[in-house]
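Treat the numbers as computed from the prediction; the structure is a model and nothing was measured.
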Amino acid sequence: GGDGGDGGAGGDGGAGGAGGAGGAGGARKMVLWLSGVGRGGAVRVVARGGAGWEHKSQQLFVTCAPGFGLEQLEEVLRALTVVLDFELVSRPPRDWKPPPTRGTGPGPDRDLT
């Protein structure tokens with residue numbers, strides 16, 4: 001199960017995530033969410049938006065040290081939201097479409113949502 005991200009996210013996830021940060025005329029904040037676990041156990045973090053990147057996204061794969069789990073990674077990311085001015089949401093924005101998967105490798109990645 002990968003729903004460890006829902007515990008402390010509160011009102012960050014879902015409908016208001018990517019669209020609600022801008023306000024009238026303001027730039028949208030970058031939005032991050034944990035999207036799954038890739039081959040080798042790396043956690044897929046998706047970053048979307050931010051000034052000049054409104055319709056772009058990037059996937060980052062984070063390999064945690066032994067004993068440092070998904071919940072700890074989310075806690076660190078949540079702490080960084082204040083310092084780096086981004087939103088951490090529990091689910092992808094409704095209008096986000098994941099990139100097509102590559103047809104290589106032994107099997108699909110596991111989604112967290």
Could you state the interatomic distance from [atom1] ([X]) to [atom2] ([Y]), rounded to the nearest 0.5 Å?
X: E87; Y: W33; atom1: CD; atom2: CH2; result: 11.0 Å
X: H55; Y: R48; atom1: NE2; atom2: CZ; result: 7.5 Å
X: L60; Y: L32; atom1: CG; atom2: CG; result: 7.0 Å
X: C64; Y: E71; atom1: SG; atom2: CD; result: 10.0 Å
X: F68; Y: L73; atom1: CZ; atom2: CG; result: 6.0 Å

What closest approach, in Å, do [X] and [Y] show between heavy atoms, and which atom pair accounts for it?
X: D85; Y: K29; answer: OD1-CE, 2.9 Å
X: L77; Y: F86; answer: O-CZ, 3.4 Å
X: L34; Y: E74; answer: CD1-CB, 4.2 Å
X: A47; Y: M30; answer: CB-SD, 4.0 Å

- Task: Mind checking side-chain hydrogen bond (donor to acceptor under 3.5 Å, both in side chains) for Q59 and listing every partner two or more places apart, or none if nothing turns up?
- Result: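 side-chain hydrogen bond (donor to acceptor under 3.5 Å, both in side chains) list for Q59, sorted by chain: R44.
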- Query: Under 4.5 Å between side-chain heavy atoms, hopping through other hydrophobics if needed: is there a path connecting V83 to V62?
  - Reply: yes
